[in-house]
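Presented below is the structure to which this report refers.
Quick note on labels: first sequence line is chain A, next is B, and so on, each numbered from 1.
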Amino acid sequence: MTLSQQLPLSQPVLPSHQLDGSVLPALRQSLLTWYRQAGRELPWRSQQDPYAIWVSEIMLQQTQVKTVIPYYHRWLQQFPTIATLAIADQQQVLKVWQGLGYYARARNLHRAAQVIMQQHQGQFPDQLPAILALPGIGRSTAGGILSAAFHQAWPILDGNVQRVLARLVALPCPPRQALNALWQLSAQLLDAQHPRDFNQALMDLGATVCTPQQPTCQNCPWQPHCQAYDQGMQSSLPMREPTVPLPHKTIGVAVIWNDQGQVLIDRRRQSGLLGGLWEFPGGKVEVGETVVECIVREIQEELGIEIAVAQHLVTIDHAYTHFRVTLVVHCCRHIAGTPQPLACDEVRWVTLEELDQFPFPKANVQIIEALHSHPPT
DNA sequence: TAATCGTGGCA
DNA sequence: TTGCCAAGATT
C-alpha cells in the first residue's frame, strides 16, 4: 500500500459518489442564494394552482422549456381546469398537444383528469401515494408537483439533476446505472425548509449553468464543492451509455383520393407509437419490393380496398427516438371497396379543408403541407 | 431490466 | 448530414 492510500481510521472516507454531510448547509445556502439572483422566471412559477403546475411538469418531461411555453399557454386556455379537461374529447386533447411529442403524456393527462374528478372530487391530490397512482406521474414528477404546489419536501431526479449530481460527486458510471445513489443524493441535499425553491434551483442550475455542453463553471455556486470540476472532468461527465445505431425503415404512404375530392385518413391504435393520432395509411417496404408494390399491398391488407398508385408527392426523412424513417408518399386513386379499420381504430374520408381538425404527427403535417402546395391534378 | 415513446435545437 | 440531448414514465 502506498502512502497516499493510507487513510486515517478516525476520519472515514466516503466512496467518491457520496457526500460529506457537513457540506450540506453550504451547498443548500449557496444554491438558494444563486437561485434568487439568477433563477429563471417561468410561467408556472408565478402561480400556485396544482393543476397548472401538474400540466407544466408533464409537458416538461424530456422537453425543453422553450418548446413547452407556447403549448402550456394554449393548453390552459383550452382546458383551464381539471373539470374542463376531464370532459374534453380525446381528439381535442391530442390536437392541442400536436407537435409536442410523446403523445402518451396527453392521453395520460386526460385520463388522470377523469380519475381526479371521480376519485378526488376534482381536487388535485396532495399526498404522494395518490399522486403516484395517477397515470403519467412517476417518482420525479410527483416530487416536482409536491414541492412546487404543496411545499412538501420530496426529492426530484430529472435529467438536469442527474447531470448536476453526477458532476458534483464525479459519478464513475452512467447515471442510469446509479439511480438509487442519485435519488439518495437528491433527497440528502434537499432543503426541507425550502423544498420548492431548492428543487427549482437544482433544475435551473442544470439548465443554465451545469449544461450538457460547455458548462459555465465560473458561474456555478457549487464549483468549490464539485468533484468533476476539481478533476477537470466537467466536460466528460456524466458518463454516457454506449450508443446503438438507429435502424432505418422505408415506408410507402398513400394519399388516396375518391371521386368526391376527399382523401382517406386513419386513426392509429391507442397503444404504441403516435397512439390515437391520425395519419395517411401505408407501411414498411419489404425486401425485394418496390414502393408502389408496397403501397398497393399495405392498403389492401390494412384497409381492404383496391387503389391505383399515381404520381410521387413528396419524400420525408424523419427521426424518431429509436429509429429513422423515410416516407415515400404517392398520390393514389380509389378503385373499389369500402375502407375498413383492419389495422387501426377508425378510417375517414375528409376534404383538404377538414384535415386541420385532426391531430397528426409531424411527418404527416409535412405531407399535408405538400398537398397544399401540390394539389391533385 | 431494458425497450419504447416525438420533436426541436445544436455542434 | 449525423449524433446527441432535453423538467421521465410505462410495460
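Residue contacts shown for Trp44(A) include a base, since a base heavy atom lies under 4.0 Å away. Residue contacts shown for Arg163(A) are limited to sugar-phosphate atoms, with no base heavy atom under 4.0 Å away. Nucleic acid contact class of Ile137(A) (heavy atoms, under 4.0 Å, all strands): sugar-phosphate only. Residue Leu42(A) is in base contact, counting any heavy-atom pair closer than 4.0 Å across all strands shown. Heavy atoms of Arg268(A) sit nowhere under 4.0 angstrom from any nucleic acid atom. Using a 4.0 Å heavy-atom cutoff across all strands shown, Gly275(A) reaches no nucleic acid atom at all. At the heavy-atom level, Ala207(A) lies under 4.0 Å from the strands shown only through sugar-phosphate atoms. The residue Ser56(A) sits apart from the nucleic acid: no heavy atom pair falls under 4.0 Å. No engagement by Gly206(A) is indicated, since no non-hydrogen atom pair under 4.0 Å with the nucleic acid exists.
Note on Glu301(A) versus Arg297(A): salt bridge recorded, some NZ/NE/NH1/NH2 to OD/OE distance being below 4.0 Å.
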message = Under the criterion ring pair (Phe, Tyr, Trp, His ring centres under 6.0 Å), I'd like the reasoning laid out for His318(A) against Tyr320(A): C-alpha separation, chi angles, the key distance, then a yes or no.
response = CA-CA 7 Å; His318(A) 190 74; Tyr320(A) 295 101; 4.7 Å; yes
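Side-chain to base pairing of Arg176(A) with dA3(B): no donor and acceptor N or O lie closer than 3.5 Å to each other. Counting atom types as modelled, Thr63(A) pairs a side-chain N or O with a base atom of dG6(B) as donor and acceptor under 3.5 Å.
In this model, a donor atom of one side chain and an acceptor atom of the other lie less than 3.5 Å apart for Lys95(A) and Gln98(A).
The Leu60(A) side chain lies nearest to dA7(C) when the options are dA7(C), dC5(B), dC4(C). When each of dA7(C), dC5(C), dG6(B) is scored by its nearest atom to the side-chain atoms of Tyr102(A), the top-ranked nucleotide is dG6(B). Listed candidates were dG8(C), dC5(C), dG6(B). Nearest to the side chain of Asp158(A) is dG8(C).
The stretch residues 139-156 of chain A comes close to DNA chain C through Arg139(A), Ser140(A), Thr141(A), each having a heavy atom under 4.0 Å from the strand.
Atom CD1 of Ile58(A) is separated from atom OG1 of Thr141(A) by 5.0 Å, given to the nearest 0.5 angstrom. The distance from atom CG of Leu27(A) to atom CD of Gln188(A), rounded to the nearest 0.5 Å, is 9.5 Å.
Around the CZ atom of Arg28(A), the shell of radius 6.0 Å holds more than 12 heavy atoms that belong to other residues, nucleotides or ligands. Around the CD atom of Gln77(A), the shell of radius 6.0 Å holds no more than 12 heavy atoms that belong to other residues, nucleotides or ligands. More than 12 heavy atoms of other shown residues, nucleotides or ligands fall within 6.0 angstrom of atom CG in Asp89(A).
Using P as the reference atom, dG6(B) and dT11(C) are 14 Å apart when rounded to the nearest Å. With both ends at atom P, the span from dT4(B) to dA7(C) equals 24 Å, rounded to whole Å.
Place Val65(A) and Asn108(A) on DNA chain C by their nearest nucleotides, and Val65(A) ends up nearer the 5' end. Mapping Trp183(A) and Pro238(A) onto DNA chain C by nearest heavy atom places Pro238(A) at the nucleotide closer to the 5' end.
Residue Tyr71(A) places none of its side-chain N or O atoms closer than 4.0 Å to OP1 or OP2 of dT7(B). In terms of phosphate contacts, Gln64(A) brings no side-chain nitrogen or oxygen within less than 4.0 Å of OP1 or OP2 of dG8(B). Note on Lys66(A): every side-chain N or O is 4.0 Å or more away from OP1 and OP2 of dG8(B).
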